[in-house]
Amino acid sequence: MEHRVLKALVRRQQERCPKILKELEKTGRKTSHWIWWVCPTQLPGRCDPIGSYVTRETASLLLASESAEQWRTVLETLCDLTEKNGKSVLPPVDHGRVHYFLRFWAHVPDKPEWMEHVLRKLDRFDWKAR
C-alpha cells in the first residue's frame with residue numbers, strides 16, 4: 001500500500017511541480033491547491049485528491065525518486081519567497097501543513113544537504129499548527 005501511495009505522489013509531483021514553479025515565479029505566492037505534494041507528511045491532507053503521504057520507510061525513496069529534482073526546485077523557490085516576503089507566501093490554512101512537514105522531515109535520517117537547507121530556512125518561521 002505505502003509503495004503504491006508513494007508512486008502516486010511521485011507521479012503527481014512530476015505532473016504538477018513545473019506548474020507550481022511557474023505559479024510561484026509569476027505570482028510570488030501560492031494561489032492554487034498543491035501543498036500536500038510539496039510538503040508531504042505522514043498524514044494525507046483532508047482535501048488531497050490522491051490521499052498522498054510518506055512514511056519513514058518511503059521518505060528516503062521520495063528523496064531519490066524521479067521527481068526529486070523538480071520537488072527540490074519548488075521547495076527552494078518557496079524558501080526564497082518566504083525569506084523575501086514572509087509567511088504570507090502561503091495562505092494561513094497551509095501553515096499547519098508546513099509545521100508538520102518540518103516535524104516529520106527533521107527525523108528522517110540521511111537527508112541530502114538540500115533538504116537540510118530547506119528545513120533550516122522554513123524553520124525560521126513560526127508555522128502554527130491549527
Side-chain angles (χ1 to χ4, degrees):
M1 171 78 166
E2 290 174 356
H3 288 281
R4 187 179 49 161
V5 171
L6 176 66
K7 282 185 176 186
L9 175 57
V10 168
R11 195 169 35 254
R12 188 57 59 108
Q13 284 182 336
Q14 288 176 303
E15 293 167 358
R16 298 293 174 92
C17 279
K19 294 173 188 169
I20 293 167
L21 184 61
K22 285 181 184 176
E23 173 184 310
L24 291 173
E25 290 173 342
K26 181 179 179 184
T27 66
R29 61 189 180 92
K30 178 181 176 278
T31 59
S32 61
H33 303 287
W34 47 257
I35 196 68
W36 324 282
W37 311 314
V38 174
C39 295
T41 70
Q42 70 276 18
L43 295 173
R46 284 182 300 156
C47 299
D48 181 353
I50 65 167
S52 60
Y53 62 90
V54 288
T55 64
R56 296 212 188 254
E57 293 74 31
T58 61
S60 61
L61 299 173
L62 182 59
L63 288 165
S65 72
E66 302 86 14
S67 63
E69 279 304 310
Q70 292 174 308
W71 178 39
R72 173 185 178 173
T73 302
V74 170
L75 280 170
E76 289 175 343
T77 301
L78 186 59
C79 286
D80 292 344
L81 288 169
T82 304
E83 279 188 319
K84 181 179 176 185
N85 301 317
K87 294 188 314 184
S88 65
V89 168
L90 295 173
V93 70
D94 290 336
H95 292 187
R97 173 56 89 166
V98 176
H99 171 82
Y100 289 111
F101 169 77
L102 293 171
R103 285 182 58 190
F104 174 82
W105 288 92
H107 299 287
V108 171
D110 304 319
K111 293 179 289 297
E113 181 54 37
W114 70 262
M115 179 56 92
E116 295 282 4
H117 188 70
V118 162
L119 297 176
R120 280 191 304 272
K121 281 185 156 192
L122 288 175
D123 200 34
R124 293 178 186 157
F125 295 89
D126 183 19
W127 303 97
K128 293 205 186 296
R130 296 177 123 202

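- The residue from Ile20, Leu90, Val98 that alone fulfils the side chain to side chain contact (heavy atoms under 4.5 Å, CB included) condition with Leu78 is Leu90.
- Glu76 and Arg72 are joined by a salt bridge, as a carboxylate oxygen and a charged side-chain nitrogen come within less than 4.0 angstrom of each other.
- Defined by atom type and a distance below 3.5 Å, a donor-acceptor pair is missing between the side-chain atoms of Ser88 and Arg29.
- With hydrogens and angles disregarded, no donor-acceptor distance shorter than 3.5 Å links the side chain of Glu66 to the backbone of Gln14.
- The cationic atom of Arg16 (NZ for Lys, CZ for Arg) does not lie both less than 6.0 Å from the six-membered ring centre of Trp34 and within 45° of the ring axis.
- Inspection of the Glu25 and Thr77 side chains reveals no N or O donor paired with an N or O acceptor under 3.5 Å.
- Ring geometry for His33 versus Trp36: interplanar angle under 30°, hence parallel rather than tilted (30 to 60°).
- Contact check on Glu83 versus Lys121 returns a salt bridge, with a Lys/Arg side-chain nitrogen under 4.0 Å from an Asp/Glu carboxylate oxygen.
- Taken from NE2 in His99 to CG in Asp123, the straight-line distance is 9.5 Å, to the nearest 0.5 Å.
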> After noting the C-alpha distance and the side-chain angles of Asp94 and Trp127, does the key distance pass the side-chain hydrogen bond (donor to acceptor under 3.5 Å, both in side chains) rule?
Replying inline: CA-CA 9 Å; Asp94 290 336; Trp127 303 97; over 6 Å; no
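- Using a 4.0 Å cut-off between charged nitrogen and carboxylate oxygen, Glu113 and Arg120 count as a salt-bridge pair.
- Taking CD of Gln13 as the start and OG of Ser65 as the end, the distance is 6.0 Å to the nearest 0.5 Å.
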